[in-house]
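One structure is given below, encoded as structure tokens.
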Amino acid sequence: MSADQPAAAPTGPPEGPPVCPRHPDRVSYVRCQRCGRPTCPECQRQAAVGVQCVDCVAEAARATPANRTIFGGTVRAGRPVVTIAIIAVCVVSYVLQQVSSEWTLRWAFWPAAGEVEPWRFLTVAFLHSPAGVIHIVFNMLALWMVGPFLEQALGRARFAALYGLSAVAGSVGVLLLASPLEQSWYTLTVGASGAVFGLFGAVFVVMRRMRRDVRGIAVVIGLNIVIGFVLPDIAWQAHLGGLVVGAALAAAFAYAPRERRTAVTVGAPVLVGLLLVGLAFAKYALV
């Protein structure tokens with residue numbers, strides 16, 4: 001009787017070539033240096049050493065803390081998208097003003113209209129005098145000079161809040177200093193000047209916080225304030241309102257303690273917005 005022979009180990013089907021997890025129909029002999037999985041050319045990302053898959057690159061990006069400015073804004077490469085968007089809206093709006101005068105009347109601000117159509121407090125900042133290009137050119141040039149600096153320093157969200165609330169503050173300034181017994185109650189105002197003055201005030205505060213020379217921006221603010229009182233048909237009230245609120249918000253953002261920065265980023269615009277609404281309601285109530 002013959003000795004028992006060991007049973008042969010069962011064999012399964014031969015393994016196929018390695019395939020990319022994201023694209024199972026693609027064979028890849030290149031493996032990610034981080035997770036070891038096959039990765040096809042479309043999913044490969046060149047790393048400092050070897051190749052990584054797109055999933056590992058995304059995971060590493062999420063785990064890496066974002067670079068921040070001294071004010072907590074996210075450092076972003078590329079164009080100042082918020083500044084460019086504001087300029088684009090103003091330019092498109094100006095073209096529409098040339099096409100139809102109804103566009104100006106629909107979105108401009110005057111105290112009597114703001115009581116029943118409150119969105120005019122903000123939309124006025126995207127209109128300019130349709131009679132010529134000097135008004136919009138000056139405002140857009142000023143915006144382009146200071147907008148990218150503030151957008152990078154403060155971050156996109158805070159910069160957008162700063163611009164919007166400064167614009168509203170400009171309209172509130174016009175409202176508070178107007179009288180229902182005078183023509184000023186029914187005088188139409190247009191322009192981004194209130195918002196731009198808010199940015200001027202913010203630049204002054206931010207540069208002081210960075211311990212940089214502020215004489216240049218101080219001269220710009222002073223000259224524009226004087227021009228507002230000297231030249232006719234300029235709403236200096238809007239300049240004043242925007243300047244005060246822009247400087248106040250920038251101070252809150254720039255001097256907020258690191259541990260309370262998030263709370264200040266949310267709370268300061270909310271408080272300023274509520275204050276502006278309260279002032280407008282109080283003025284209309286007195287009327």
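Keep in mind that the numbers below use all heavy atoms, side chains included, and drop hydrogens, waters and symmetry copies. For reference, positions follow the sequence shown, starting with 1. Keep in mind that what you see is a predicted model, and the values were worked out from it rather than measured.
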Residue pair [X] / [Y]: nearest heavy atoms and the distance that separates them:
| X | Y | value |
| --- | --- | --- |
| Val27 | Pro17 | CG1-CB, 3.8 Å |
| Gly241 | Ala169 | O-CB, 3.4 Å |
| Cys90 | Ala125 | SG-O, 3.8 Å |
| Ser184 | Ser179 | OG-N, 3.3 Å |
| Leu150 | Ala202 | CD1-CB, 3.9 Å |
| Cys32 | Cys56 | SG-SG, 3.8 Å |

With a 4.5 Å cut-off on side-chain heavy atoms, are [Y] and [X] touching?
| X | Y | value |
| --- | --- | --- |
| Val51 | Arg31 | no |
| His23 | Cys43 | yes |
| Val81 | Arg156 | yes |
| Pro269 | Leu165 | yes |

Practice item. Using distance alone, with no hydrogens and no angle criterion, decide if Thr104 and Gln97 have a side-chain donor and acceptor under 3.5 Å apart. Key: yes
Practice item. Go through the side-chain N and O atoms of Thr189 and Trp110 and say whether any donor and acceptor fall under 3.5 Å apart. Key: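 Side chains of Thr189 and Trp110: no pair found under 3.5 Å.
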Non-neighbouring partners of [X] that pass side-chain hydrogen bond (donor to acceptor under 3.5 Å, both in side chains), sequence neighbours left out:
| X | answer |
| --- | --- |
| Glu117 | Arg120 |
| Arg106 | none |
| Trp107 | none |
| Glu115 | none |

Strictly distance-based, threshold 3.5 Å: is any side-chain N or O of [X] a donor or acceptor partner for the main-chain N or O of [Y]?
| X | Y | answer |
| --- | --- | --- |
| Arg45 | Val57 | no |
| Gln44 | Cys53 | no |
| Ser171 | Phe121 | yes |
| Thr187 | Gln183 | yes |
| Gln237 | Leu175 | no |
| Gln46 | Gly50 | yes |

Is there a path of hydrophobic side-chain contacts, each under 4.5 Å between heavy atoms of I, L, V, M, F, W or Y residues, that connects [X] with [Y]?
| X | Y | value |
| --- | --- | --- |
| Val19 | Val30 | no |
| Val266 | Val277 | no |
| Val168 | Leu188 | no |
| Ile87 | Val92 | no |
| Val89 | Val190 | no |

Check your understanding: Which ring pair (Phe, Tyr, Trp, His ring centres under 6.0 Å) pairs, counting each pair once, include a residue from residues 146-165, with sequence neighbours left out?
Key ->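 Passing the test, one end in residues 146-165: no pairs.
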Study note, to complete from the structure: So the ring pair (Phe, Tyr, Trp, His ring centres under 6.0 Å) pairs with at least one residue in residues 186-232 (sequence neighbours excluded) are Phe197-Phe200, Phe197-His239, Phe229-Trp236
Review point. Does Tyr94 have any ring-ring contact (aromatic ring centres under 6.0 Å, His included) partners at least two apart in sequence or in another chain, and if so, which?
Key: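 Listed in chain order: nothing, the list is empty.
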**Study point:** Test ring-ring contact (aromatic ring centres under 6.0 Å, His included) applied to Tyr29 - qualifying residues, sequence neighbours left out
**Key:**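 Listed in chain order: nothing, the list is empty.
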**Study point:** Contacts of Asp25 that satisfy salt bridge (charged side-chain N to carboxylate O under 4.0 Å, His left out) - sequence neighbours left out
**Key:** none
Exercise for review: Could you pull out all residues at least two apart from Arg260 that satisfy salt bridge (charged side-chain N to carboxylate O under 4.0 Å, His left out)?
Suggested key: none
Point to revise | Spacing of SG belonging to Cys35 relative to CZ belonging to Arg37, to within rounding of 0.5 Å | key: 4.0 Å
Check your understanding: According to the side-chain hydrogen bond (donor to acceptor under 3.5 Å, both in side chains) rule, which pairs have a member within residues 277-287, sequence neighbours left out?
Key ->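 Applying side-chain hydrogen bond (donor to acceptor under 3.5 Å, both in side chains) to every pair that reaches into residues 277-287, excluding sequence neighbours, yields nothing.
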Please list, one pair per line, the donor and acceptor atoms closer than 3.5 Å that link side chains of residues 126-141 to other protein atoms, with sequence neighbours excluded.
residue	atom	partner	partner atom	Å
His128	NE2	Asn139	ND2	3.2
Ser129	OG	Ala131	N	3.4
His135	ND1	Ser129	N	3.1
His135	NE2	Asn139	ND2	3.4
Asn139	ND2	Ser193	OG	3.4

Point to revise | Stepwise side-chain contact (heavy atoms from CB on, under 4.5 Å) test for Val206 and Phe253 | key: CA-CA 9 Å; Val206 168; Phe253 294 150; over 6 Å; no
**Study point:** Identified side chain to side chain contact (heavy atoms under 4.5 Å, CB included) counterpart of Leu199 within the set Leu143, Thr83, Leu243
**Key:** Leu143
Review point. Is it true that Arg26 and Glu42 have a side-chain N and a carboxylate O under 4.0 angstrom from each other?
Key: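 A salt bridge links Arg26 with Glu42.
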